[in-house]
Structure formats: C-alpha cells, structure tokens
Amino acid sequence: MSQTLAIIKPDAVAAGTAGKILAHLEAAGFRVRSLKMTRLTADQAGRFYAVHRERPFYGSLVAYMTSGPCIPMILEAEDAVPKLRETIGATDPAEAAEGTVRKLYAESKERNAIHASDSPENAAIETAFFFATQDRIGL
Ligand code: CMP
C-alpha cells in the first residue's frame, strides 16, 4: 500500500460536490487516511504552487485556491499516485476521460475540482505541507 495527497479544491467545496467526490474516490478503492477543511492564505497557496510561479496563470491560480475552503486529504491504495491521477483525469475537464472526477465535477482547466500529487516524492512533500506527523494515519 502507498499514499498520496489530494485536495478537493474551492470550486468543488463551493458547489457542494465535495461529498460526491469523496464517495467517488472511496468507490474507486481509496481509503481516506487523514482529512481536514482549511482555507489557504496567499502565502501558503503561493508556496504550494511555487513550481508554477513563472506561468501566466500563477496569480489567478493563487486567487482561486484562496477563494474559499478546500479539503486536503491523504489517500491510500496500491500504487496510489498513478491510480489517483487516472481516477481524477486530465487537468482540463474538456480533455478528461469519461467517468473521471474532473469530467464529472470540474468547471474549467483552472477550476478543476481536485488536485493530486504527480509523484511519490511530491506526495511526501505535499502531505507534510498539510498534515502534522501525528495526523498521518497508517505511515
Ligand atoms: P493542479 O493539478 O492542482 O496543478 C496546477 C493547477 O494549475 C492545475 O491543477 C489547475 O488548477 C491550474 N492550471 C494548470 N494549467 C492551467 C492553465 N493553462 N490555465 C489555468 N490554470 C491552469
């Protein structure tokens, strides 16, 4: 078993689809190992997405991610990182496969309902970003 980090983003929380997304992830075989609701500050969102700092959408991305509460969570499954990327679908919902979380719930390429770590290394970094050691269940 391995773990990854997901965030149900502010658009989905505001739309009231967080529960449906959580149910979708559990039905896909993920076990929730930790979860909370939080509202990111601009500093936190900027640091979380620092890799995108030079991209034209960076300012808009930080504004969106701080626009309301989000729900970071630790998910566990076999091959959790690639399995979750497949379950959520492509960044742009217009390109996401049928039945994926983003196809079902995302509004746009930016307001795309959910984030998932793109590698085991980043999963460890992003998990530590949101969860204290005592809140990381099953490690
Ligand atoms: P995420 O998987 O969390 O990683 C980076 C985020 O930046 C992405 O989801 C989108 O929310 C946003 N993003 C990526 N590409 C674009 C783009 N071309 N235009 C606007 N937002 C984007």
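Counting convention: from 1, in listed order, for ligands and their atoms alike.
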_Identity and distance of the protein heavy atom lying nearest atom 13 (N) of ligand 1_ = Phe57 CE1, 3.6 Å

*Do we get Lys9 above Tyr64's six-membered ring, with its NZ or CZ under 6.0 Å from the centre and within 45° of the axis?*
no

*Nitrogen or oxygen atoms of Tyr64 and ligand 1 under 3.5 Å apart*: no

_Closer than 3.5 angstrom, by distance alone: can the side chain of Thr17 be matched with the main-chain N or O of Lys20 as a donor-acceptor pair?_
no

*Given side chains that start at C-beta, do those of Met73 and Leu25 come closer than 4.5 Å, heavy atoms only?*
yes

*Judged by modelled atom types alone, do Ser2 and Glu76 share a side-chain donor-acceptor pair under 3.5 Å?*
no

*What protein heavy atom sits nearest atom 10 (C) of ligand 1, and how far off is it?*
Lys109 O, 3.4 Å

*Could you check atom 12 (C) of ligand 1 against the protein and tell me its nearest heavy-atom contact, residue, atom and distance included?*
Leu61 CD1, 3.8 Å

*Determine whether the side chain, the backbone, both or neither of Lys9 has a heavy atom under 4.0 Å from any heavy atom of ligand 1.*
side chain

*Should the ring pair Phe130 and Phe48 be called parallel, tilted or perpendicular, given that the plane angle runs from 0 to 90° and is split at 30 and 60?*
tilted

_Contact check: His115 vs ligand 1, nitrogen or oxygen atoms, below 3.5 angstrom_ = yes

*Could you tell me which atoms of ligand 1, counted from 1 in the order shown, lie closer than 4.0 angstrom to a heavy atom of Asn112?*
8 (C), 9 (O), 10 (C), 11 (O)

*Option nearest atom 2 (O) of ligand 1 (shortest heavy-atom distance, choices Arg85, Arg102, Arg55)*: Arg102

*Report the nearest protein non-hydrogen atom to atom 11 (O) of ligand 1: residue, atom name, distance rounded to 0.1 Å.*
Glu110 O, 2.7 Å

*Got the closest protein heavy atom to atom 3 (O) of ligand 1, with its distance?*
Tyr49 OH, 2.5 Å

*Has the side chain of Thr66 got a donor or acceptor atom that lies under 3.5 Å from a matching backbone atom of Val62?*
yes

_Arg33 side chain near Gln3 side chain, heavy-atom distance below 4.5 Å_ = yes

